[in-house]
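For reference, positions follow the sequence shown, starting with 1.
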Amino acid sequence: MTNLETNKKYCEVIESKIALDCKPVAMKLIKTEEDLPEGYDLIDEKIRHCEMVRKASLGDKFYSTIEEQQCLGGAGAIGLRDMPEKLANGEKYFSLGRFQDLETAQKLTADLSIIPDRSWGIIYAPLDEADFEADVIQVITKPVGGMKLAQSIVYKTGEKACGMFAGIQSLCGDAFSKPYIEGGINFTLGCDGSRKAADIKDEEMAVGISKEMIEEVISGLESI
């Protein structure tokens with residue numbers, strides 16, 4: 001099957017098992033402009049990565065370079081630039097009152113999921129329109145949908161699913177970079193930025209599935 005046919009199948013299975021209000025999103029990092037497939041236009045506005053995920057979930061497909069990424073922390077997490085120093089060293093989050101002291105903030109920021117390699121850009125598309133192999137597929141769903149995805153994993157492994165999150169850098173770090181780096185799947189409850197900027201609803205969460213895990217997830221969903 002072509003990448004498009006495979007992604008359409010993935011999307012059909014996910015949507016048949018999970019009630020969604022928007023499409024699963026396929027994303028792929030690209031190293032150079034020459035790696036960009038045909039049919040994808042540069043996004044025509046400067047917004048956050050999480051907003052780009054939301055746009056793709058509502059039907060748009062496009063690509064972005066660092067120039068179109070408004071949130072430098074998100075762009076740093078997904079590997080389009082270095083992480084801003086004050087985010088990397090915890091000063092920014094401490095100044096926002098998120099931690100009791102700078103040392104605690106630094107403990108958390110040292111554990112954020114940040115892709116070390118640099119990419120030229122990133123492609124976003126609704127899963128059933130993506131004609132490329134996604135690095136990560138992201139599903140925005142209610143907790144019951146997250147439950148179904150967790151069940152799809154334990155169906156074959158018998159091992160509990162894990163969610164690693166801190167209410168910070170959710171759609172970028174938790175649901176893209178962590179699965180990308182580890183070749184796994186991660187569950188996250190969102191962050192202030194994604195809920196305000198990308199309109200992630202109070203009753204929604206996000207799940208990031210790496211290309212290494214998607215077949216196992218789809219097989220599990222078909223079996224339960």
**Study point:** Neighbour count >12 (heavy atoms, 6.0 Å) for atom CD, Glu5
**Key:** yes

Review point. Will you find, in the side chains of Asp101 and Thr104, an N or O donor that is under 3.5 Å from an N or O acceptor?
Key: yes

Check your understanding: Do Glu212 and Ser210 meet the criterion of a side-chain donor-acceptor pair at a distance under 3.5 Å?
Key -> yes

Exercise for review: Please list, chain by chain and in numerical order, all residues satisfying salt bridge (charged side-chain N to carboxylate O under 4.0 Å, His left out) with Lys211, sequence neighbours excluded.
Suggested key: Asp135

Review point. Are Phe62 and Ile123 connected in the hydrophobic side-chain network, where two residues link if heavy atoms are under 4.5 Å apart?
Key: no

Review point. Of the non-hydrogen atoms in Lys61 and Ala125, which two are nearest, and what is the gap between them?
Key: CB-CB, 3.7 Å

Practice item. Return yes when atom CD of Glu203 has more than 12 non-hydrogen atoms of other residues, nucleotides or ligands closer than 6.0 Å, and no otherwise. Key: yes

Check your understanding: Angle class for the Phe132/Tyr40 ring planes (parallel below 30°, perpendicular above 60°, tilted otherwise)?
Key -> perpendicular

Check your understanding: Side chain of Glu129, backbone of Pro126: donor and acceptor closer than 3.5 Å?
Key -> no

Practice item. Step through the shown structure and confirm whether more than 12 heavy atoms of other residues, nucleotides or ligands are within 6.0 Å of NZ on Lys148. Key: no

Exercise for review: Test Ser170 against every option in Thr188, Asn186, Asp192 by the side chain to side chain donor-acceptor pair (under 3.5 Å) rule and name the one that passes.
Suggested key: Thr188

Practice item. Check whether any side-chain N or O of Arg54 sits under 3.5 Å from a backbone N or O of Asp199 as a donor-acceptor pair, and report yes or no. Key: yes

Study note, to complete from the structure: Scanning both residues in full, the closest heavy-atom pair of Ser119 with Leu80 reads O-CD2, 3.5 Å

Review point. Measuring from Ile78:CD1 to Gln69:CD, what's the distance to the nearest 0.5 Å?
Key: 4.5 Å

